[in-house]
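Here the structure comes first, spelled out in structure tokens, and everything after it is commentary.
In listed order, ligands and their atoms are each counted from 1.
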Amino acid sequence: MAINGIKGFNDILPGEVEKWQHIEATARRVFELYGFAEIRVPVLEKTELFSRSIGDATDIVEKEMYSFVDKGENRVTMRPEGTASVMRAFIEHKLHAVDPIAKLYYMGPMFRYERPQKGRYRQFHQIGAEVTGVNDPKVDAQVLTMLCHFFAELGLTEPSLQINSLGCPACRPVYRRALTDFLRARIDKLCDDCKRRLETNPLRALDCKSAGCKEATVGAPSVLDHLCGECEAHFDALRTHLEGVGTSYTINPRMVRGLDYYTRTTFELVTTLLGAQSAVAAGGRYDGLIADLGGPSLPGIGFAMGVERVALLLADREFSKRPDLFVAALGEPAQKLAFGLMCAMQRRGIAVEMDYEGKSLKSQMRRSDKFRSRFTLIVGEDELARGIAVLKNMDAGTQSEIPLDADAVARGMLA
Ligand code: ATP
Ligand code: MG
């Protein structure tokens with residue numbers, strides 16, 4: 001019996017992979033315009049890194065992590081997200097000593113034990129970026145503008161940007177108390193998870209999908225009414241900067257993020273096109289995280305986007321590559337010459353295909369159509385004897401006779 005892959009772990013096949021390459025190349029190009037450098041961190045980390053940073057009372061740490069004890073009795077976890085690892089590396093290699101302001105981006109697989117469905121998998125991929133060392137809301141505006149620039153470069157009008165502020169250690173506890181009091185009076189309506197974390201993480205109830213929690217949180221106190229003066233000024237300045245550079249947004253005071261380390265600015269890029277999987281990218285400030293992980297007291301801000309969800313938004317676009325040329329040759333001597341010609345052209349950077357097996361001209365032309373090659377070069381016995389070939393422009397439907405050598409073919413394709 002054949003062995004299949006594991007549920008929730010996907011293969012990305014040719015035909016689809018070109019879309020992924022396009023997304024990745026666009027991210028690299030756009031992020032590098034904003035001064036970001038790539039960092040590559042491992043897939044496996046000590047479990048403690050995630051429980052300490054993401055938070056013990058979050059969905060990710062409570063239920064979704066792929067954790068195991070390895071042969072050396074170490075408790076390890078397949079990373080569920082990238083920020084914790086990037087900050088671990090930032091601290092471990094003392095990048096802050098070189099420059100406290102680091103702009104880093106990463107891309108790669110993440111792992112969460114969730115129920116697989118469209119846009120939600122157990123191995124999925126994120127592209128993310130982080131900036132350390134700057135408190136100023138200009139940086140928040142820059143990160144958000146870069147993210148919107150990336151989606152615009154892909155030609156997407158969805159998703160749209162929503163922002164919120166979750167306050168800081170000075171004002172969040174006050175809000176938490178107000179929200180806990182509000183929810184305690186409606187505790188019967190809350191789902192079991194939200195009941196249980198009413199004291200540890202009451203904010204989660206605000207974006208819980210269960211009908212009871214939705215009902216219980218109608219009219220709940222807004223975090224934005226509880227910000228301290230500094231957080232309010234930070235949020236106002238962010239809005240002014242976004243408006244100044246024409247980055248449109250809406251405010252969603254109910255947006256709480258599923259990770260504990262967020263402070264102040266939080267944001268999501270949401271779409272209505274992917275059903276329940278509405279968040280395409282998300283992130284926020286994490287001004288306490290670097291110190292919590294044993295590093296210096298430096299602020300940070302970042303985001304991660306789900307590549308599978310971006311790919312779904314690009315669903316009907318065609319990204320697969322076409323060869324420049326297909327060489328069709330009839331008879332053994334012509335085939336041999338065509339093979340040499342193909343290799344010479346490939347070495348010049350021209351993408352060439354041919355039929356390796358000496359099939360009929362009709363079958364070779366079918367293969368050329370299948371590849372959607374831009375040009376087809378036909379070398380028959382007759383042409384070979386005359387030292388010429390027929391070059392067909394497949395898009396224009398025109399053809400011409402040209403001398404049978406790589407230079408002439410390359411020139412003919414430019415003409
Ligand atoms: P959701 O609310 O959809 O569960 P999340 O809040 O858990 O998302 P984050 O942890 O902020 O998501 O991750 C950032 C992005 O990574 C999400 O916006 C989404 O695009 C993507 N993502 C998260 N979990 C998955 C998954 N299991 N499969 C595919 N993409 C995912
Ligand atoms: Mg989630």
Note: Tyr106 and Phe303 closest approach over all heavy atoms is OH-O, 4.0 Å
Restricting to heavy atoms, the pick from Gly119, Gly306, Ala276 nearest atom 29 (C) of ligand 1 would be Gly119
Would Tyr121 count as a polar contact of ligand 1, with the cut-off being nitrogen or oxygen pairs under 3.5 Å? yes
>> Between Thr271 and Ser278, is there a side-chain donor-acceptor contact under 3.5 Å, judged purely by atom types and distance?
In response: no
Atom 27 (N) of ligand 1: of Glu114, Arg112, Glu308, the nearest heavy atom sits on Glu114
Next item on the list: Would you please say whether a donor-acceptor pair under 3.5 Å links the side chains of Thr26 and Glu153?
Entry: no
*Could you tell me if any non-hydrogen atom of Arg257 lies under 4.0 Å from any atom of ligand 1?*
yes
> Touching ligand 1 at all, Gln277? Heavy atoms, strictly under 4.0 Å?
Replying inline: no
Check: Can a non-hydrogen atom of Glu81 be found less than 4.0 Å from any atom of ligand 1?
Finding: no
Looking only at protein heavy atoms, what sits closest to atom 31 (C) of ligand 1 is Phe124 CD1, 3.3 Å
Discussion item. Please tell me whether Glu130 and Thr83 have a donor and an acceptor in their side chains that are separated by less than 3.5 angstrom.
Written reply: yes
State whether Phe182 and Arg186 meet the cation-pi test: NZ (Lys) or CZ (Arg) under 6.0 Å from the six-membered ring centroid, and within 45° of the perpendicular axis.
-> yes
In this structure, atom 18 (O) of ligand 1 is nearest to the protein heavy atom Ala279 O, 3.2 Å
- request: Measure the shortest side-chain to side-chain distance between Met107 and Arg28 over non-hydrogen atoms and say whether it is less than 4.5 angstrom.
  value: yes
Judged by heavy atoms only, the candidate from Met305, Glu268, Arg120 nearest atom 2 (O) of ligand 1 is Arg120
Here the gap from Ser373 atom OG to Phe375 atom CZ, rounded to the nearest 0.5 Å, amounts to 9.5 Å
